[in-house]
Amino acid sequence: SFIVKLLKSPFLEKKIKAVNELKDFIDRADANIETKSQSEKGRLRGFNHEKLKDWFLTNQLVEYVLGTNIHLEILKRSGMVLRFMARINALKKEHLDMLWKATEGKHLSLIHI
């Protein structure tokens with residue numbers, strides 16, 4: 001997928017773009033759950049929490065976001081991905097271990113994502 005390619009990119013701007021796209025997907029999935037009108041649901045078709053969770057897990061998106069040599073900006077912006085995964089009971093112990101490792105020795109402001 002295009003987002004996975006962006007996350008794997010060595011360029012920070014592309015990684016930031018990918019994390020922003022992930023946030024948009026989460027927002028659309030949330031909107032699809034909350035909307036009542038059929039026309040709005042048609043426009044957002046295909047975005048629901050279960051499909052998004054499966055896509056995140058299959059493509060190991062959390063692992064890419066929290067992977068080795070993670071940049072401070074990516075870690076700061078990844079909070080919504082982690083909160084989404086926690087909210088739908090999809091955050092694994094391995095994800096928390098990666099988050100812990102990513103924040104070890106970092107400035108205190110980073111730890112408050």
Side-chain angles (χ1 to χ4, degrees):
S1 123
F2 183 67
I3 292 177
V4 175
K5 287 179 184 178
L6 289 176
L7 281 173
K8 288 181 177 182
S9 170
F11 301 106
L12 178 60
E13 299 81 21
K14 290 184 179 188
K15 290 181 180 190
I16 290 173
K17 171 77 171 148
V19 172
N20 290 337
E21 290 293 322
L22 294 176
K23 182 188 180 309
D24 289 345
F25 285 153
I26 292 168
D27 289 344
R28 283 193 256 169
D30 288 343
N32 201 11
I33 299 299
E34 295 169 3
T35 188
K36 301 289 186 220
S37 84
Q38 278 307 107
S39 63
E40 186 71 8
K41 279 191 177 185
R43 189 173 65 81
L44 299 171
R45 184 180 41 236
F47 283 93
N48 66 47
H49 289 167
E50 193 62 32
K51 286 182 182 179
L52 196 54
K53 175 190 84 169
D54 291 343
W55 185 69
F56 273 42
L57 293 174
T58 300
N59 290 289
Q60 299 180 321
L61 297 180
V62 175
E63 288 82 349
Y64 284 120
V65 169
L66 296 176
T68 57
N69 300 323
I70 190 65
H71 192 276
L72 174 65
E73 274 307 307
I74 300 300
L75 198 53
K76 281 182 181 178
R77 295 169 189 245
S78 65
M80 58 44 201
V81 172
L82 300 173
R83 284 189 295 277
F84 170 74
M85 296 297 280
R87 193 174 42 158
I88 61 169
N89 297 318
L91 196 61
K92 298 178 180 181
K93 181 187 177 302
E94 295 82 19
H95 297 145
L96 296 176
D97 291 341
M98 291 177 78
L99 178 61
W100 184 265
K101 277 185 166 184
T103 58
E104 277 183 329
K106 302 290 192 260
H107 191 270
L108 195 56
S109 65
L110 174 62
I111 298 172
H112 295 286
I113 63 170

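Leu82 places a side-chain heavy atom less than 4.5 Å from the side chain of Leu66. In this structure the side chain of Lys8 never reaches within 4.5 angstrom of the side chain of Lys15, judged on heavy atoms. Annotation: side chain of Met85 is in contact with side chain of Leu57 (closest heavy-atom distance under 4.5 Å). Using a 4.5 Å cut-off on side-chain heavy atoms (C-beta onward), Val19 and Met80 make contact. Side-chain contact check for Leu6 versus Ile16: every heavy-atom pair is 4.5 Å or farther apart. No side-chain heavy atom of Ile88 sits less than 4.5 Å from a side-chain heavy atom of Phe56. Contact check for Val62 versus Met98: no side-chain heavy atoms found under the 4.5 Å cut-off. Proximity of Lys23 to Val81: side-chain heavy atoms (C-beta onward) are nowhere separated by under 4.5 Å.
Within the model, atoms CG of Asp30 and CZ of Phe25 stand 13.5 Å from one another, a figure rounded to the nearest 0.5 Å. Between the CG atom of Leu22 and the CG atom of Asp27 there is a distance of 11.0 Å, given to the nearest 0.5 Å. For the atom pair CD1 of Ile26 and CG of Leu52, the computed distance is 6.0 Å after rounding to the nearest 0.5 Å. With rounding to the nearest 0.5 Å, the separation of CG in Asn48 from NZ in Lys53 is 10.5 Å.
By the criterion of side-chain heavy atoms lying less than 4.5 angstrom apart, applied directly or through intervening Ile, Leu, Val, Met, Phe, Trp or Tyr residues, Trp100 is not grouped with Tyr64; the two fall into different hydrophobic clusters.
Partners of Glu13 according to the salt bridge (charged side-chain N to carboxylate O under 4.0 Å, His left out) rule, which considers only residues two or more places apart in sequence or in another chain, do not exist here. Applying the salt bridge (charged side-chain N to carboxylate O under 4.0 Å, His left out) criterion to Glu21, with sequence neighbours excluded, gives Lys17.
Considering every non-hydrogen atom in both Lys14 and Ser9, the closest pair reads CD-OG, 3.4 Å. Heavy atoms only, all atoms of each residue included: Ala29 and His49 are closest at CB-CD2, 3.7 Å.
Ion pair Arg28/Asp24 not flagged as a salt bridge, since none of the NZ, NE, NH1 or NH2 atoms sits closer than 4.0 Å to an Asp/Glu carboxylate oxygen. Between Lys93 and Asp97 there is a salt bridge, since at least one side-chain N of the basic residue sits less than 4.0 Å from a carboxylate O of the acidic one.
Looking at Asn59, its side chain never comes within 3.5 Å of a backbone N or O of Leu61 through a donor-acceptor pair.
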